[in-house]
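Letters A, B, ... mirror the listed sequences (proteins, then strands); counts begin at 1. Just so it is clear, the values below take in all heavy atoms, side chains as well, and ignore hydrogens, waters and symmetry mates.
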Amino acid sequence: MNAEQLKQTIDLAYLFGAVCFILAMKLMNSPVTARRGNRLSMLGMAVAIGATFFNPAIRPENLLLIGAAVGVGVVGGLIPAYRVQMTAMPQMVALLNGLGGGAVALVALYEFLDALQKAHVPEPVQRVTTVLSAIIGTISFSGSLIAYGKLQELLPGRAITFKGHGTVNILLGAFTLALAAMILMMGQVTAAAFFALIGLSFVLGISAVLPIGGADMPVVISLLNSFTGCAAGLAGFVLINNSLLIGGALVGASGLILTLLMCRAMNRTLGHVLFSSAGHVLVAGTSTKVAKQPKSYSVEDAAILMSNANRVIVVPGYGMAVAQAQHQVKEMAGKLEAMGVEVIYAVHPVAGRMPGHMNVLLAEADVAYDKLYELEQANPLFPESDVALVIGANDVVNPAARTDPNSPIYGMPILDVDKARTVIVSKRSMNPGFAGIENDLFLNDNTVMVFGNAKTTIGKITAALDNY
Amino acid sequence: MTLVAIATVFILAVFVGLEVISKVPQTLHTPLMSATNAIHGVILVGGILVLGSSEAPPMQVIGVTAVLFGTLNVVGGFAVTDRMLEMFKAKKREVKK
């Protein structure tokens, strides 16, 4: 094989990889074929990476170094991947996404320094894409680490901000862009300018994500995922590589779609999610409402209510996830079904800390996915159901979204649990949720509260069901 | 490839991405996010190329870190996605009463 044929063969392998990625996403359209899709994209990735080793530019003396780095990465990636609990999936994805962003930024840094050392001036487009992929990759890296910290609760989940934070962010963004423009326009650039650019982007990523509350983290992760994809695609311009170009563009586009879908589910704009909390320091305790006491029920009362119901609609939220209560829920549902009670699950698009997070947890507990109802399918069923069982969900069932124009979540589509005959809420305490918004649902006449850890509560209800 | 050819590939891929993703059901959004997360790990190809062509230690440090990060992204991403999707395997439809 001569050099030209070798290059063509390698390029064909990259094309094969890219086609696998596209088909994989297509197979993701159904739960039945999704796993096959992921396996296909693994194959595509393996072929693309394998082909890279045949590139004549790779010096044989570096192979050991590559092998060592890949080896450490494989072991370091597999161990946490098989240990992480399904509940912790959002932060795992955030961390992996950050690493991807970091890798893109490092490749861009390398390309820049390499060109500088060899006094080689790349094509204008390649210079622009190098700078852009460095900026976006770095923002994705530092932003994802902050998102990881918040979800892992290493950092407080609430918005971390100060007066004038919004202005600081705008200035940081402006400085970054100005420096980028300077680097691109100056004939003579120094490595220091490029390092400063990466430093600024790093700070910008941190400063932009810090003020965003924990409840909005799914949107942030999805957006940063899209960022890393874009950055990888831009790196494809520099390296002239189809698998990077196509893979990156696919992820960039799909991440953006997913982000917008999530924002729509919350009835907010992306801008509102990203920028509204910067600089707004929340003042606690402004509620002037006359305190009304919620009705507190025992687990036995809850068991009686449910065993006599025609249908129980389970509404899971993050509280179920943190308590790891999904297996108990499934067991309880099994007993209720044996008693002739229909049990279905209503899943809000933003329940949990990642879109579809609840679906993953319920699937883990072996709940058949045809029992999971989406918002539009579930809402008409509440008025004709005896019991809605809310497990650790809060904002997604808050009627203020329908009734109170002053509420921060006004206009967000919610699950109409309050229309069920009785609402049973399993919750740790009366504390407002992650987003810190009061919920009048808990004070309604047809709502009863069962306080305690969701796993313990549901376990006790299941045991109590044996008596009825 | 010429610049126009590169840009064509990139832009068409964006449209393909928009098209194939809008049909994914909400149930699969988390695995989808995680799967696409693994796919952008394809930057590992770039990492291997730069590390492979590197000549001196400071540049090799950058290359090694890029390859390490890229590998963690690819391997971790695919493995967690596979674990999640395993749970979604077709289950027998339970008989409704």
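The two atoms that bring Ala249(A) and Ala13(B) nearest to each other are CB-CB, 3.5 Å, heavy atoms only. Of all the heavy atoms in Gly76(B) and Ala81(A), the pair that sits closest is O-CB, 3.9 Å. When all heavy atoms of Leu28(B) and Asn29(A) are compared, the pair lying nearest together is CD1-C, 4.3 Å. The two residues Pro31(B) and Val360(A) come nearest to each other via the heavy atoms CD-CG2, 4.0 Å. The nearest pair of heavy atoms linking Val75(B) to Gly77(A) is CG1-C, 4.3 Å. Minimum interatomic distance between Val67(B) and Ile66(A) (heavy atoms only, all atoms of both residues): CG1-O, 4.3 Å.
With a threshold of 4.5 angstrom between heavy atoms, Leu44(B) approaches chain A through side-chain atoms but not through N, CA, C or O. For Met89(A), the part lying near chain B is the side chain, with the backbone staying farther off; criterion is any non-hydrogen pair under 4.5 Å. Using a 4.5 Å cut-off between heavy atoms, Pro218(A) contacts chain B through its backbone alone, with no side-chain atom that close. For Val347(A), the parts sitting under 4.5 Å from any heavy atom of chain B are the backbone and the side chain alike. Contacts between Leu68(B) and chain A at a heavy-atom distance below 4.5 Å involve backbone atoms as well as side-chain atoms. Of the two parts of Ser30(A), only the backbone, made up of N, CA, C and O, holds a non-hydrogen atom closer than 4.5 Å to a non-hydrogen atom of chain B. Residue Ala5(B): no heavy atom, backbone or side chain, is found under 4.5 Å from chain A. Using a 4.5 Å cut-off between heavy atoms, Met28(A) touches chain B through backbone and side chain atoms alike. Using a 4.5 Å cut-off between heavy atoms, Ala235(A) touches chain B through its side chain atoms alone.
Crowding of Glu19(B) atom CD: a count of heavy atoms from other residues, nucleotides or ligands under 6.0 Å not exceeding 12. No more than 12 heavy atoms of other residues, nucleotides or ligands lie within 6.0 Å of CZ in Phe54(A), so this atom counts as exposed by the packing criterion.
Between atom CD1 of residue Ile11(B) and atom CG of residue Leu245(A) there is a gap of 10.5 Å, rounded to the nearest 0.5 Å. Rounding to the nearest 0.5 angstrom, the gap separating the CD1 atom in Ile246(A) from the CZ atom in Phe10(B) is 11.0 Å. Separating the CD1 atom in Ile43(B) from the CG atom in Leu244(A) is a distance of 5.0 Å, to the nearest 0.5 Å. With rounding to the nearest 0.5 angstrom, the CG atom of Leu51(B) is 8.5 Å from the CD1 atom of Ile58(A). Rounding to the nearest 0.5 Å gives a distance of 12.5 Å between OG of Ser54(B) and CG of Leu113(A). Within the model, atoms CZ of Arg83(A) and CZ of Arg83(B) stand 11.5 Å from one another, a figure rounded to the nearest 0.5 Å.
Among the candidates Val9(B), Leu32(B), Asn73(B), the residue making the largest number of heavy-atom pairs closer than 4.5 Å to chain A is Asn73(B). Interface remark: of the candidates Val74(B), Val45(B), Val64(B), Leu49(B), Val45(B) forms the most heavy-atom pairs closer than 4.5 Å to chain A. Taking Gly233(A), Gly102(A), Gly101(A) one by one and counting their heavy-atom pairs under 4.5 Å with chain B, the maximum is reached by Gly233(A). Per-residue counts of heavy-atom pairs under 4.5 Å with chain B were compared for Val125(A), Leu234(A), Val70(A); the largest is that of Val70(A). In terms of heavy-atom pairs under 4.5 angstrom with chain B, the leader among Leu258(A), Leu63(A), Val75(A), Leu256(A) is Leu258(A). Counting heavy-atom pairs closer than 4.5 Å to chain B, the top-ranked of the candidates Gln117(A), Lys26(A), Arg39(A), Gln126(A) is Arg39(A). Put simply, of Leu372(A), Thr228(A), Thr33(A), Ile240(A), the one with the most heavy-atom pairs under 4.5 Å next to chain B is Thr228(A). Top candidate by heavy-atom pairs under 4.5 Å with chain B, chosen from Met358(A), Glu374(A), Met92(A), is Glu374(A). Ranked by heavy-atom pairs shorter than 4.5 Å toward chain A, the options Thr71(B), Val14(B), Asn37(B) are led by Asn37(B).
Contact of the Asn62(A) side chain with the Glu55(B) side chain is not registered, since no non-hydrogen atoms from C-beta on lie closer than 4.5 Å. Inter-residue side-chain proximity for Val42(B) and Phe21(A) is flagged as met; some heavy-atom pair is nearer than 4.5 Å. Side-chain atoms of Val20(B) and Ser254(A), non-hydrogen and from C-beta on, never get closer than 4.5 Å to each other. Side-chain atoms of Asp114(A) and Val50(B), non-hydrogen and from C-beta on, never get closer than 4.5 Å to each other. Considering only heavy atoms from C-beta on, Ile221(A) comes within 4.5 Å of Met33(B) through its side chain. Looking at Tyr82(A) and Val80(B), their side chains never come closer than 4.5 Å, going by heavy atoms from C-beta outward. Residues Ile39(B) and Met25(A) have side chains in contact (heavy-atom distance under 4.5 Å, counting atoms from C-beta outward). Residues Asp366(A) and Met87(B) have side chains not in contact (no heavy-atom distance under 4.5 Å, counting atoms from C-beta outward).
At a cut-off of 3.5 Å, with distance as the only test, no side-chain donor of Asn359(A) or Thr30(B) sits close to an acceptor on the other residue. A donor-acceptor contact closer than 3.5 angstrom links the side chains of His40(B) and Asn97(A).
Arg35(A) places no side-chain N or O within 3.5 Å of a backbone atom of Met84(B) that could act as its donor or acceptor partner. Using a distance-only test at 3.5 Å, with no hydrogens or angles considered, no donor-acceptor pair links the side chain of Tyr110(A) to the main chain of Gly63(B).
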Steps toward side chain to side chain contact (heavy atoms under 4.5 Å, CB included) verdict (Asp82(B), Met42(A)): CA-CA 10 Å; Asp82(B) 194 60; Met42(A) 286 185 205; 4.0 Å; yes

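Between Phe141(A) and Phe69(B), the ring planes are parallel. Angles under 30° get that label, and only those over 60° would be called perpendicular.
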